[in-house]
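Presented below is the structure to which this report refers.
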Amino acid sequence: MKSFLGIDLGTTHSLAAIEDEKGTRVLVPPGADSPLVPSVVALLEDGTFLVGTAAKNLSILHPERVIHSAKRLIGRTRAEVALEAATLPYRLVEGSGGRALVRIPLKNQSFRDLSPEEISAHILQEVHRRALAALEAEGRDISDPSLRQIVLTVPAYFDEAQRQATKRAAELAQLEVIRLINEPTAAALAYGLGERKQANIVAYDLGGGTFDVSVLRVQEGIFRVLATHGDTQLGGDDFDRLILDAMLQQIENETSARPKEDPQILSQLRLAAEALKKRLSTKEEADLEIDVSGDGTLEFNLRRDQFEEMIRPLVERSMRELRSCLHDAELMPADVDEVLLVGGSTRIPLVTKSLEKEFQKPPLSGIDPDLAVAFGAARQGAVLAGQSEDVLLLDVVPLSLGIETLGGTFAKLILRNTPVPCSHTEEFSTQVDNQTGIDFNIYQGERELVKDCRKIGSFKLSGLPALPAGLPRVAVTFTVDEQGLLRVTARELRTGKTASVEVKPMGLSEEEVRRMVHESINKAGEDMSAREAIDLRNKAEGVLKGTEAAMKAGGKGLPPEQVYSLKKAISRVKKALGNNEREQNTLALHQALEELSSLTGQLADDLISSAVSTALKNEQENKNR
Ligand code: ADP
Ligand code: MG
């Protein structure tokens, strides 16, 4: 029986699951005690790679060779990960196109630069290798090529660049991605919620490094994501760091050791902090003996209530994200039918308590929060392999997509939170006479002007017929596929000339997505007036051009005083246009334009009546003959 593997490529852990006649289950190879593979890769001095637990263990001795959290870097530039760079123990450098690369020292002062895709490929390979070992132990023929086909999950907030890069990682691992699905959607599938007649679902995913929250709706077998929010800088690692800080404080207060300067000790303490944190999820109190070189041992003790006070601001931050996500989905907490826990950090009692308080009902339990995403991916794998009844998955576009138009305004073709797959076409034209090529600049963002949005690609449509401005008709189509990948096509309707681009933009962090959405709300008023000013300029330029052309063509018959007042009005508009550029003096331009328009209205009337009187005169003369 054919079924595709589901793989959860996490920031801290990754794992594989499958759904077949034996049911839905995670894959654990013989001898291993957990399906989770730490998403950690190490590169040894001689160029060999270690992956998973072996790599994680090396972080105590050689933290500079151990790469964790590669998912935070994937599809992003060095500049974009500046914030992360400060907290990562390995070195980041800039590769071609500004991409973030990890630099690991090798023998003889040489080094090797690894891309996040390459690092993720090693993790995927290891997860896949273990999955095959587990299946082989069950007696399955692992030469079956369909076992190289996978459903892979990504955070709902991943943009095109991050999704593309994740797919590339799978390709590097020689795996074929049948479908990329969003992690929260996978979690809801794991709970079988696709079969509900109607339900509103909140998936709250607090992992090691990232936080994601999504509101999903199931209706008559159709499954859609109403809204997603997140924070790439929030997760269990932050809780570990808070405990670590408390440990360091105590060590510095009570001993002469200065562990902050020793990366090895720091790594060791970090692992100890994580272990302590996990114990506090089931115990009220936990302690730890810390070996302090030269100073004997030190007892570090932490109670759950102390830990909760430490992390409360972070948990509160996640709850604020949750509320704005609900707001985007236009739901009240009481409208939510099920709350799903995803990610290892949701084992922390304060997290579940906070959610229960918010929704006045306990979150759904039953599936291990570490495994839910992989489970759901495996379920989707079975669906796509034709083994299971189809559930329609509808994810959403996280930021509006569109093109730059005249004067730097942003024409949105696909709005934020539109379910995917989706497609939209709009007609545009040229701005200058005899223009034979159009440059299309593609942006994502919520603001009205492209300068406040993010450029994600560009292309040129050339070979257009030389026609007056406004005559060529160019249909621009934006298509976002199931995987959230964008394709933009422009087609000139008279000639059929077509150009298109698959957008492989540089990445955008969740933080930036959030900032852009918030800014679009905060600056809506300001944006609208800026946009109006530009629209007004465009209109004024059009009216000027038209009036001057009309005067040239038919102005001879106009009485001199009318020509005089027209010229005066024209120069007033031109002056206002000049000022408008500098001072944003929209009002003056508006007035000047009104005045000119009323005169040109007159001009048009006069031109028509003079044409009519000419026609009448001709007719009269004809009659007289
Ligand atoms: P990701 O999806 O980012 O890879 P996971 O869902 O695997 O993350 O969650 C990993 C995080 O969960 C780590 O920070 C880990 O310390 C934390 N975690 C795992 N188990 C527990 C627990 N019992 N109590 C508290 N935190 C836990
Ligand atoms: Mg996860």
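Counting starts at 1 for both ligands and their atoms, following the listed order.
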Any chance you could lay out the side-chain hydrogen bond (donor to acceptor under 3.5 Å, both in side chains) test for H229 and D328, step after step, and finish with the verdict?
CA-CA 9 Å; H229 273 242; D328 267 13; 3.1 Å; yes
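- Summarising the geometry of K277 relative to F307, their closest heavy-atom pair is CG-CZ, 3.7 Å, with the distance given to 0.1 Å.
- For atom 15 (C) of ligand 1, the closest non-hydrogen atom of the protein is E274 OE2, 3.3 Å.
- Of all atoms in ligand 1, numbered sequentially from 1 with element shown, those under 4.0 Å from a heavy atom of R347 are 20 (N), 22 (C), 23 (N), 24 (N).
- At under 3.5 Å, a nitrogen or oxygen of S281, whether backbone or side chain, sits near a nitrogen or oxygen of ligand 1.
- Under a 3.5 Å cut-off, the side chain of S345 and the backbone N or O of G207 do form a donor-acceptor pair.
- Considering backbone and side-chain N/O of S345, one or more are found under 3.5 Å from N/O of ligand 1.
- When hydrogens are left out, the protein atom nearest atom 3 (O) of ligand 1 is G208 N, 3.0 Å; that is the closest non-hydrogen contact.
- With a heavy-atom cut-off of 4.0 Å, H13 touches ligand 1 through backbone and side chain alike.
- Between L206 and ligand 1, no pair of N/O atoms sits closer than 3.5 Å.
- Taking atom 8 (O) of ligand 1 as the reference point, the nearest protein heavy-atom neighbour is T12 OG1, 2.8 Å.
- For atom 19 (C) of ligand 1, the nearest protein heavy atom (residue, atom name, distance) is K278 CE, 3.6 Å.
- Taking a cut-off of under 4.0 Å to the non-hydrogen atoms of G236, the atoms of ligand 1 that pass are 14 (O).
- Scanning the protein heavy atoms around atom 27 (C) of ligand 1, the nearest turns out to be G344 O, 3.3 Å.
- Residue contacts with ligand 1 leave out G235, since none of its heavy atoms falls under 4.0 Å from the ligand.
- For atom 14 (O) of ligand 1, the nearest protein heavy atom (residue, atom name, distance) is K277 NZ, 3.2 Å.
- Here the two rings, on F375 and Y191, have centers that are 6.0 Å apart or farther.
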